[in-house]
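By convention here, the first residue in the shown sequence is residue 1. Basis for what follows: all heavy atoms, side chains included, without hydrogens, waters or symmetry-related copies.
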Amino acid sequence: MQRIRLRYTKRGRLRFTSHRDFQRAFERALRRAEVPMAYSAGFTPHPKVSYANAAPTGTGSEAEYLEIQLAEVRDPARLRELLDESLPDGLDIVDAVEVRTSAFADRLQASVWELRLEGVEPAEAGRAVAAFLAAEHVEVQRRTKNGVRTFDARAAVTRLEALEAPADRPGDGACAILRLVVRHETPAVRPDDVLSGLRAVADLAPPVPAAVTRLAQGLLDEESGTVTDPLAPDRDAAPAAPPTAAGPSAAQQVPEGPA
């Protein structure tokens, strides 16, 4: 048995696919790529795939993760290529490592999000960010399947800043970019909860829905406020490649040319 961890993206129009839609597309890709999957036991065997902390429907992402279990050993890099070719554009497999460490879910401590606010001046967004960060608590409400729930959106936010949109962006209207780091807590604080908090403390109300993208998720460095690659421990634990004939010892045996 072999286990592989994969990072994939949701880009463009594919950001509107639900998690269930992605599951169906991914299982089709496994069949097309002829991946030798391990299957569960029982009357309805299914491929052993584990998904971790999927982004909400409607948000883009550069950092979604899943793990698959294989019945035969395969090269992770080649497996990534085959699966990526079998998925539609926008659902892209961008990294693959063999599992060499445990407790992967525990490494997904925080996410880095980018919110694109069309029609909002960067200075206006900056004032709202300052008000949000200065508040000790920012209570927001969200409707859940169990009814309306009130919780603090401020506590989970470890970093929040307002940036100007890139100069080469399409269109010539105002646009602000929010970059934030949010801890994964219970209840989960989502980017739209932070927007609700900005509306509550500073009356920031973008005229059109924000375009939301998860840029990263992984281990949170509390001192710097950065989020690190959760696949790095598996990559670092890989055994070193054996020396080859092209190594230093072989180079020393190359005869010198004529004087």
Side-chain angles (χ1 to χ4, degrees), residues 5 7-11 15 19 51-66 94-95 103-118 120 122-142 149-166 169 175-202 204 206 209-235:
R5 287 175 178 147
R7 177 166 69 93
Y8 67 95
T9 70
K10 289 172 60 180
R11 296 168 175 159
R15 69 175 58 215
H19 182 55
Y51 299 89
N53 197 37
T57 302
T59 63
S61 181
E62 294 295 313
E64 301 296 288
Y65 294 93
L66 59 83
V94 295
D95 202 357
F104 180 73
D106 293 341
R107 291 180 223 156
L108 302 183
Q109 299 175 346
S111 287
V112 181
W113 295 95
E114 183 177 277
L115 283 63
R116 192 180 193 90
L117 308 182
E118 296 286 350
V120 175
E124 180 187 2
R127 288 190 292 270
V129 165
F132 183 94
L133 294 176
E136 186 174 352
H137 302 285
V138 179
E139 287 195 346
V140 299
Q141 291 186 331
R142 185 202 304 154
R149 187 167 188 176
T150 301
F151 56 94
D152 180 16
R154 175 65 185 89
V157 178
T158 66
R159 188 173 181 178
L160 175 61
E161 57 184 337
L163 310 170
E164 292 191 12
R169 57 176 285 271
C175 181
I177 302 292
L178 298 185
R179 188 75 56 82
L180 59 152
V181 178
V182 183
R183 287 192 189 90
H184 298 167
E185 297 183 347
T186 304
V189 173
R190 300 174 179 175
D192 55 333
D193 299 322
V194 176
L195 285 174
S196 296
L198 291 168
R199 186 181 305 113
V201 300
L204 181 69
V212 180
T213 303
R214 172 149 59 191
L215 302 180
Q217 63 172 321
L219 287 163
L220 175 64
D221 185 324
E222 294 284 355
E223 291 188 4
S224 65
T226 57
V227 173
T228 61
D229 180 9
L231 297 181
D234 293 293
R235 198 174 285 111

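- Put simply, the side chain of Arg116 never gets that close to the backbone of Thr213: no donor and acceptor are under 3.5 Å apart.
- Listed by first and then second residue, the salt bridge (Lys or Arg N to Asp or Glu O under 4.0 Å) pairs involving residues 214-230 are Glu64-Arg214, Arg183-Glu222, Asp229-Arg235 (not counting sequence neighbours).
- Checking side-chain atoms of Gln217 against main-chain N and O of Ala110 turns up no donor-acceptor pair under 3.5 Å.
- Interatomic distance, Gln109 CD to Asn53 CG, rounded to the nearest 0.5 Å: 12.0 Å.
- Leu108 and Ala52 make their closest contact through CD1-CB, 3.6 Å (heavy atoms, listed as atom of the first residue, atom of the second, distance).
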Discussion item. I'd like to know whether Val181 forms a side chain to side chain contact (heavy atoms under 4.5 Å, CB included) with Val157, so could you lay out the CA-CA distance, the side-chain angles of the two residues, the decisive distance to 0.1 Å, and finally the verdict.
Written reply: CA-CA 6 Å; Val181 178; Val157 178; over 6 Å; no
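- Residue Ala153 comes nearest to Val189 through the heavy atom pair O-CG1, 4.0 Å, listed as atom of the first residue, atom of the second, then distance.
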Discussion item. For Phe132 and Leu204: C-alpha separation, side-chain torsions, deciding distance, then whether side chain to side chain contact (heavy atoms under 4.5 Å, CB included) applies.
Written reply: CA-CA 11 Å; Phe132 183 94; Leu204 181 69; over 6 Å; no
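- Scanning for side-chain contact (heavy atoms from CB on, under 4.5 Å) contacts around Thr9 gives Arg11, Glu62, Asp92, Val94, with sequence neighbours left out.
- Side-chain contact check for Leu117 versus Ile177: every heavy-atom pair is 4.5 Å or farther apart.
- Side-chain contact between Val140 and Thr150 is absent, with no heavy-atom pair separated by less than 4.5 Å.
- Within 6.0 Å of the CD atom in Glu185, the count of heavy atoms belonging to other residues, nucleotides or ligands exceeds 12.
- Residue-environment remark: CZ (Arg15) exceeds the threshold of 12 foreign heavy atoms within 6.0 Å.
- Between Arg5 atom CZ and Leu231 atom CG the span is 8.0 Å, to the nearest 0.5 Å.
- Within the structure, every pair that satisfies the side chain to side chain donor-acceptor pair (under 3.5 Å) test and touches residues 122-137, not counting sequence neighbours, is listed here: His137-Asp152.
- In terms of heavy-atom proximity, Thr226 sits nearest to Arg159 at CG2-NH1, 4.2 Å.
- Scored by the side-chain hydrogen bond (donor to acceptor under 3.5 Å, both in side chains) test, Arg107 finds Thr101, Asp234 as partners (sequence neighbours excluded).
- Nearest heavy atoms, His19 versus Ala54: ND1-CB, 3.6 Å.
- For Arg179 and Glu114, the salt-bridge test passes: some basic side-chain N is under 4.0 Å from an acidic carboxylate O.
- Separation of atoms NZ (Lys10) and OG (Ser61) is listed at 7.5 Å; rounding is to 0.5 Å.
- Taking each heavy atom of Pro122 and Leu163 in turn, the nearest pair found is CB-O, 4.4 Å.
- Rounding to the nearest 0.5 angstrom, the gap separating the CG atom in Leu160 from the CH2 atom in Trp113 is 14.5 Å.
- The shortest heavy-atom contact between Ala188 and Arg142 is O-NH2, 2.5 Å.
- A side-chain N or O of His184 and one of Ser111 form a donor-acceptor pair less than 3.5 Å apart.
- Atom CG of Leu133 and atom CG of Leu198 lie 8.5 Å apart (nearest 0.5 Å).
- Checked against a 6.0 Å centroid threshold, the rings of Tyr51 and Tyr65 do not count as neighbours.
- Scanning for side-chain contact (heavy atoms from CB on, under 4.5 Å) contacts around Ala216 gives Val112, with sequence neighbours left out.
- Checked against side-chain contact (heavy atoms from CB on, under 4.5 Å), Ala125 has the following partners two or more places apart in sequence or in another chain: Val120, Ala162, Ala176, Leu178.
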